[in-house]
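The chains referred to below are lettered A, B, ... by the order of the sequence lines, with proteins before strands, and numbering in each begins at 1.
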2 protein chains.
Amino acid sequence: MPKGNCRGNGWWHGKLRGCGYRLTMGREAILDVLSKAEGHLSAEDIYMKVHPGYPHIGLTSIYRTLDVLSGLGMVYKLDFGDGRARYEFAEGPKGAHHHHHLVCTGCNKVVDYTDFIDEEVELLRETEKGLSKKYGFKIANHIIQFYGLCEACAKKK
Amino acid sequence: MPKGNCRGNGWWHGKLRGCGYRLTMGREAILDVLSKAEGHLSAEDIYMKVHPGYPHIGLTSIYRTLDVLSGLGMVYKLDFGDGRARYEFAEGPKGAHHHHHLVCTGCNKVVDYTDFIDEEVELLRETEKGLSKKYGFKIANHIIQFYGLCEACAKKK
DNA sequence: TTGTTAATGAAAATCATTTTCAATTTAAGG
DNA sequence: CCTTAAATTGAAAATGATTTTCATTAACAA
């Protein structure tokens with residue numbers, strides 16, 4: 001097995017084990033799918049993608065693993081208002097590609113955007129600091145979502 | 001009936017009727033509760049509050065009305081990650097008091113904050129304009145939520 | 001008042017997510 | 001490699017918020 005490969009699988013092993021979790025085949029399969037997938041997957045999406053390579057897995061384990069991973073901050077759990085949660089990998093070994101979401105309330109399409117992220121990040125850092133102090137919160141995370149109608153849906157109206 | 005009272009009930013009548021909806025007793029009761037309540041109510045919270053004054057009402061109608069109202073932008077539907085939606089009145093006759101949320105992932109407590117709102121609003125206006133143009137979205141709305149642990153929950157850990 | 005149609009409540013249906021529980025797998029120690 | 005305790009699993013049942021169905025009622029234009 002080529003050396004270059006070892007790091008690829010290695011880092012989440014440490015993260016899980018370090019927190020007292022075991023790295024099982026199911027979890028590995030899920031992490032594999034999440035890390036490769038672009039975009040926002042529902043539990044069932046993930047199930048579908050994991051199943052071919054690891055048919056043994058059940059939906060229940062997907063949910064359980066997703067819970068663990070989002071508890072560890074390795075995965076973000078998102079809500080776009082359509083009644084099912086979406087999950088996305090928080091960051092790869094190469095680092096985070098921070099982005100936010102633009103949600104069409106007509107067709108539920110979701111656009112990831114990274115525009116204006118720099119200014120945003122700057123402001124949010126400040127805000128976060130201020131809120132932390134004022135309300136005694138230890139802030140771990142934030143979301144920003146814009147809602148509106150995409151071009152197609154706006155026309156239909 | 002004192003003149004001063006007429007405006008109080010009047011403005012949402014117009015809004016609903018103007019969009020082809022009827023102003024029923026149930027809807028009025030719900031609007032009444034929403035407009036007076038501080039904070040974020042679940043459908044069931046609203047049911048509880050409406051029931052004493054209007055026992056005839058069913059939970060189903062609460063959901064249906066809430067749907068209509070959020071469709072009209074009179075109510076915001078919020079998700080704090082605990083599996084039940086919360087609703088808050090978008091603005092009173094006196095005008096909006098724009099705020100965002102700080103959610104404790106330990107105990108689900110939610111703090112409304114208005115700090116830094118001015119800078120935020122400024123930045124978001126810009127961002128909104130840019131995104132609108134770039135992605136062809138007609139943006140109606142946005143949310144910002146910070147997640148973390150409140151003081152009490154941080155200690156427990 | 002009357003007719004048309006939207007709106008309603010109750011009960012049943014949905015559907016994503018959780019829980020239960022017995023069987024299996026992991027990883028640490030011999 | 002083998003054993004063992006505890007974590008993890010899958011299947012099936014349970015949960016619980018939200019929706020749908022459908023027959024009845026209420027709103028309001030004429």
- Task: Figure out the CG/C1' separation between Leu41(A) and dA16(C), and round it to whole Å.
- Result: 16 Å
- Is it true that a side-chain atom of Ser132(B) and a backbone atom of Lys138(B) form a donor plus acceptor pair closer than 3.5 Å? no
Under 3.5 Å, sequence neighbours excluded: what are the donor-acceptor pairs made by side chains of residues 44-52 of chain B?
unit_1	atom_1	unit_2	atom_2	d
Asp45(B)	OD1	Ser42(B)	OG	3.4
Asp45(B)	OD2	Ser42(B)	N	2.9
Asp45(B)	OD2	Ser42(B)	OG	3.1
His51(B)	NE2	Pro55(B)	O	3.2

- Message: I'd like to know if Arg86(B) and Asp79(B) make a salt bridge, using a cut-off of under 4.0 Å between side-chain N and carboxylate O.
- Response: no
- Task: Please state how far atom NZ in Lys77(B) lies from atom C1' in dT19(D), giving the value in whole angstrom units.
- Result: 11 Å
- Query: Looking at dA7(C), dT18(D), dT9(D), which one has an atom nearest to any side-chain atom of Arg27(B)?
  - Reply: dA7(C)
- Message: Tell me the interatomic distance from Leu59(B), atom CG, to dT18(D), atom P, rounded to whole angstroms.
- Response: 9 Å
- Report the distance from atom CG of Asp79(A) to atom P of dA16(C), rounded to the nearest whole Å. 14 Å
- Does the pair Thr65(A) and Thr24(A) meet the rule for a side chain to side chain contact (heavy atoms under 4.5 Å, CB included), with working shown? CA-CA 10 Å; Thr65(A) 297; Thr24(A) 65; over 6 Å; no
- Item | Distance-minimising heavy-atom pair for Gly106(A) and Leu149(A) | N-CD2, 3.7 Å
- Query: Separation of Ile62(A) atom CD1 from dT8(D) atom P, in whole Å?
  - Reply: 16 Å
- Work out which heavy atom in Cys107(B) is nearest to a heavy atom in Cys150(B); give both atom names and the distance. SG-SG, 3.9 Å
- Task: For each nucleotide in nucleotides 20-30 of chain D, reading 5' to 3', give B when a protein heavy atom comes within less than 4.0 Å of its base, S when such contact involves only the sugar-phosphate, and - otherwise.
- Result: BB-----BSS-
- Those residues that, when tested against Phe146(B), pass ring-ring contact (aromatic ring centres under 6.0 Å, His included) (two or more places apart): His142(A)
- Applying side chain to side chain donor-acceptor pair (under 3.5 Å) to Gln145(B) and not counting sequence neighbours gives Tyr147(B)
- Query: For Asp112(B) and His100(B), what are the C-alpha separation, side-chain angles and deciding distance, and is it a side-chain hydrogen bond (donor to acceptor under 3.5 Å, both in side chains)?
  - Reply: CA-CA 6 Å; Asp112(B) 292 7; His100(B) 293 303; over 6 Å; no
- Measure from CG on Asp82(A) to P on dT18(D) and round the result to the nearest Å. 14 Å
Every protein N/O lying under 3.5 Å from an N/O of nucleotides 13-17 of chain D:
unit_1	atom_1	unit_2	atom_2	d
dA17(D)	OP1	Arg84(B)	NH2	2.4

- Query: Whole-Å distance between dA7(C) C1' and Glu28(B) CD?
  - Reply: 15 Å
- Task: With a 4.0 Å heavy-atom cut-off, tell me which residues in residues 45-53 of chain A come close to DNA chain D, sorted by residue number.
- Result: none
- Would you check if Tyr21(B) and Arg27(B) make a side-chain contact, meaning some heavy-atom pair closer than 4.5 Å? yes
- Pick the nucleotide of DNA chain D nearest each of Ile57(A) and Asp67(B); which residue has the one closer to the 5' end? Ile57(A)
- Task: Using the side chain to side chain contact (heavy atoms under 4.5 Å, CB included) rule, pick out the option among Ile144(B), Val110(B), Val111(B), Asp115(B) that qualifies with Leu102(B).
- Result: Val111(B)
